[in-house]
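Shown next, in structure tokens, is the structure this report addresses.
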2 protein chains.
Amino acid sequence: MNIYDVAKQAGVGIGTVSRVLNGSAKVKPETRERVQAAINQLDYVPHGAARSLGSGRSHVLGLVVPFFTRPFFIEVLRGVEMAATAHGYEMVLYNVETTTQRDHYLRQLPMRRRVDGLLVVSLFCDESEAERFRKMNLPVVLVDSYNPLLTSLVVDNISGARQAVEYLISLGHRQIGFVNGVKVGSFNFNKADDRMSGYRQALANSDIPYNPEWVSATEWTRAGGREGARQLLLLPQRPTAIFAASDVQALGVMEQAQAQGLRVPQDLCIIGFDNIELAELLNLTTVAQPMHEMGKQAVERLLAEIECPQPPQTVMMDVTLVHRSTTAPLAAPNVSAFSTASVRDGVWATQQNIITEG
Amino acid sequence: MNIYDVAKQAGVGIGTVSRVLNGSAKVKPETRERVQAAINQLDYVPHGAARSLGSGRSHVLGLVVPFFTRPFFIEVLRGVEMAATAHGYEMVLYNVETTTQRDHYLRQLPMRRRVDGLLVVSLFCDESEAERFRKMNLPVVLVDSYNPLLTSLVVDNISGARQAVEYLISLGHRQIGFVNGVKVGSFNFNKADDRMSGYRQALANSDIPYNPEWVSATEWTRAGGREGARQLLLLPQRPTAIFAASDVQALGVMEQAQAQGLRVPQDLCIIGFDNIELAELLNLTTVAQPMHEMGKQAVERLLAEIECPQPPQTVMMDVTLVHRSTTAPLAAPNVSAFSTASVRDGVWATQQNIITEG
DNA sequence: AGATGAAATGGAAGGGCTTCCATTATTATA
DNA sequence: TATAATAATGGAAGCCCTTCCATTTCATCT
């Protein structure tokens with residue numbers, strides 16, 4: 001069952017069938033109908049690989065993403081999936097969990113020419129790799145990562161962090177901790193730097209001195225957040241608010257606060273970063289990234305680039321602070337001093353509001 | 001840059017290069033080395049589409065999955081991804097959110113012959129579709145779904161539900177509610193039936209009469225769980241424990257309980273189903289499905305089938321009850337009557353233990 | 001009717017691999 | 001050393017499309 005069968009059935013040449021399949025204009029309507037009928041009758045579906053080989057187009061997008069099960073990536077993924085499907089593209093997933101894997105994919109994929117374009121999420125991409133993409137003529141869009149040679153969609157991490165901390169300051173906080181994430185090898189988790197900048201900017205803008213003791217860098221995980229919070233909260237002079245570099249870490253902070261008998265937000269305010277689903281669930285104040293939108297835009301820019309080469313562009317995505325219940329005006333010192341009484345049951349004060357929101 | 005270039009560089013014929021690429025045995029070690037050297041020198045990577053076309057193998061697995069962002073599917077996905085990668089297969093994702101999409105994929109994919117095999121997760125697959133797969137010679141494995149003509153990996157939903165309810169009974173509960181999920185179109189969400197059977201079996205085994213008032217069927221979502229719980233909990237004679245058909249629904253139940261000032265587990269015990277990450281987080285007692293393992297097994301069986309046709313088999317995956325803190329022995333009635341006092345702060349008693357676990 | 005240009009069509013060539021058969025090199029055996 | 005058996009190799013054919021050029025058909029104009 002191939003294109004010749006269809007041609008015979010319809011009484012036309014294979015060229016005509018191909019033109020019908022690809023919707024090119026130069027087919028007489030009547031002929032088109034005849035071909036279409038044959039296609040339906042034979043239940044014919046063109047052979048993907050042959051098509052790719054013939055045309056040099058696969059209609060497949062590659063998606064290189066680290067730890068795709070993490071909420072942030074899932075959300076981006078979803079945006080990508082929707083946009084890709086909408087444009088008739090398939091999506092193949094390359095999950096990266098080690099540096100070796102990263103290198104492997106970034107090196108082999110361009111040449112295998114199986115994908116029409118590559119979306120690289122949150123992974124650092126060096127000059128030589130970018131150069132190689134160009135040379136291989138493989139369109140690439142970076143999401144949550146930056147390289148001057150490639151179209152990059154980045155989130156305004158500096159501004160996001162600044163907004164978060166400024167908000168805490170506006171609530172009266174002066175002792176503001178920061179549980180940052182660590183940079184990990186060639187993963188582009190060095191948004192850490194930017195978030196740090198934002199943190200310091202906000203402090204500086206309000207003439208609050210920077211206290212390195214109130215900053216820790218941990219894994220981007222729940223355990224990491226817990227550990228980071230412990231460091232800060234056991235200090236003789238502890239922060240009254242903590243900004244965490246991710247929601248997942250913020251969750252760890254909440255756990256640690258609870259373990260130490262601190263009520264949130266009365267005794268400790270917390271702000272996260274990302275706005276993953278869990279944040280809404282726990283009523284966590286956080287900096288929202290437009291993850292879905294990023295995925296979508298990334299696909300659209302990539303498709304544009306596939307259509308015809310575009311100059312590399314850097315798109316800054318806006319970030320917004322979502323006010324929920326892990327933040328509140330700084331309580332008067334004497335009040336916050338008491339209040340370990342009701343912790344008996346393991347209170348997350350924040351959760352009171354869950355119901356009202358849904 | 002193609003196989004001819006490599007052949008020339010190595011001073012051999014293309015057949016030999018091909019043999020080296022595919023690791024077939026009949027190449028003199030010395031020759032193999034020479035070819036390998038040429039490959040490295042030229043940075044040659046074989047063209048995927050051409051390879052598929054020539055061999056009829058794509059080394060790509062299709063994964064048809066509904067709502068892939070839901071935790072259950074993500075976990076399965078992860079198992080699939082790991083196993084596929086381990087065996088040198090790529091994975092393309094077909095997300096299904098509507099019946100139309102489902103039909104589209106299940107009908108078109110087999111013929112496009114782009115994938116070597118198909119994994120279908122949680123989607124109902126009727127006789128005619130299964131028949132078509134056979135006829136098209138496309139290996140298919142069903143995960144969390146069943147069809148006699150296809151290899152199916154199913155979870156023992158009946159036993160899982162039974163275990164959950166039996167456990168509640170062993171704790172002294174006699175008024176046990178069930179927040180079930182609704183069946184949705186051609187999605188295979190009719191595990192609902194099985195979980196219902198398990199529920200009733202457990203009751204019957206202990207001679208507890210079945211009370212339809214204590215059962216509700218809702219969406220498989222948080223909101224659904226909340227709604228279902230409301231129905232049950234506002235009854236004049238309310239259940240003292242609720243079994244939910246999924247963790248996500250169980251979460252809704254917890255929210256509703258809290259909204260009504262019921263402490264968990266003192267006033268209301270809750271058991272979920274799935275054991276998604278969130279369950280651990282919230283210390284939810286639940287029936288654990290080996291999601292990861294299912295993904296892995298599915299891939300392995302699929303690959304076996306690709307290697308050589310296998311008779312369809314139905315594999316029943318075991319399920320285990322994970323005891324956490326949303327369950328406790330039924331309190332004496334007078335005790336549970338008081339206890340709306342400390343709810344002021346929105347208590348989820350369960351969360352006390354989070355720290356101890358991680 | 002004949003000429004002209006445009007529109008529609010047919011099909012050869014080509015894309016890069018695998019496969020398989022024919023051929024050549026190597027080894028074992030007498 | 002001759003011969004048979006075996007191992008290794010080369011390359012034509014084939015996989016199923018797309019593309020493009022040559023050819024045919026059609027409509028229009030003189």
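In what follows, chains are A, B, ... by sequence order, proteins preceding strands, each numbered from 1. Computed over heavy atoms, backbone and side chain alike; hydrogens, waters and symmetry mates excluded.
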Which residues, if any, of residues 9-19 of chain B bring a heavy atom under 4.0 Å of DNA chain D?
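Heavy-atom cutoff 4.0 Å gives B:G11, B:V12, B:G13, B:I14, B:G15, B:T16, B:R19.
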Using ring pair (Phe, Tyr, Trp, His ring centres under 6.0 Å) as the criterion, list what pairs up with A:Y94, not counting sequence neighbours.
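Per chain and number, A:Y94 pairs via ring pair (Phe, Tyr, Trp, His ring centres under 6.0 Å) with A:Y105.
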Name all residues meeting the ring pair (Phe, Tyr, Trp, His ring centres under 6.0 Å) criterion together with A:F68; count only those two or more places apart in sequence or in a different chain, and write none if there are none.
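Per chain and number, A:F68 pairs via ring pair (Phe, Tyr, Trp, His ring centres under 6.0 Å) with no residue.
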Residue list, salt bridge (charged side-chain N to carboxylate O under 4.0 Å, His left out) with A:R34, at least two apart or on another chain
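Per chain and number, A:R34 pairs via salt bridge (charged side-chain N to carboxylate O under 4.0 Å, His left out) with no residue.
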Has B:N2 got a side-chain atom pairing as donor or acceptor with B:Y4's backbone, closer than 3.5 angstrom?
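Pair found, side chain donor or acceptor close to backbone of B:Y4.
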Any sub-3.5 Å donor-acceptor pair from A:T16's side-chain atoms to A:V12's backbone N or O?
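A pair under 3.5 Å: no.
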Would you tabulate the pairs of protein nitrogen or oxygen atoms and nucleotide nitrogen or oxygen atoms of nucleotides 5-7 of chain C closer than 3.5 angstrom?
none

Under the rule for side chain to side chain donor-acceptor pair (under 3.5 Å), what residues qualify as partners of B:N95, not counting sequence neighbours?
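In terms of side chain to side chain donor-acceptor pair (under 3.5 Å), with neighbours along the sequence ignored, B:N95 is linked to A:E81, B:E97.
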Could you work out, with side chain to side chain contact (heavy atoms under 4.5 Å, CB included) as the rule, every residue matching [X], not counting sequence neighbours?
X      : answer
B:P148 : B:E127, B:Y146
A:Q41  : A:Q9
B:Q36  : B:V20, B:I39, B:N40
B:R301 : B:V141, B:T151, B:L153, B:Q297, B:Q313, B:V315

Given atom [atom1] of [X] and atom [atom2] of [N], what is their separation to the nearest angstrom?
X     : N      : atom1 : atom2 : value
B:N2  : C:dG14 : CG    : P     : 14 Å
B:I3  : C:dG15 : CD1   : P     : 15 Å
B:K28 : C:dT26 : NZ    : C1'   : 8 Å
A:H47 : C:dC17 : NE2   : C1'   : 12 Å

Output yes when A:R132 and B:D43 qualify as a salt bridge under the 4.0 Å nitrogen-oxygen rule, no when they do not.
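Salt bridge present between A:R132 and B:D43.
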If you walk 5' to 3' along DNA chain D, what is the first nucleotide with an atom under 4.0 Å of a heavy atom in chain A, and what is the last?
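Listing 5' to 3', DNA chain D meets chain A from D:dC16 to D:dC20.
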Does CD in A:E277 sit with more than 12 non-hydrogen atoms of other residues, nucleotides or ligands closer than 6.0 Å?
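Atom CD in A:E277 is not crowded, with 12 or fewer foreign heavy atoms closer than 6.0 Å.
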Quick one: label B:T31 by what it contacts on the DNA or RNA (base, sugar-phosphate, nothing), any heavy atom closer than 4.0 Å.
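Sugar-phosphate contact only - B:T31 comes under 4.0 Å of backbone atoms but never of a base.
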Geometric cation-pi criterion B:R70 and B:F72, 6.0 Å radius, 45° cone
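B:R70 over B:F72 ring: no.
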Terminal helix-axis angle for the helix from C:dA1-D:dT30 to C:dA30-D:dT1, with five pairs defining each axis and rounding to 10 degrees:
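Between the axes fitted at each end of the helix from C:dA1-D:dT30 to C:dA30-D:dT1 lies an angle of 40°.
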Would one find a side-chain N or O of B:R51 under 4.0 angstrom from OP1 or OP2 of C:dG16?
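False: B:R51 side-chain N/O out of range (4.0 Å or more) of C:dG16 OP1/OP2.
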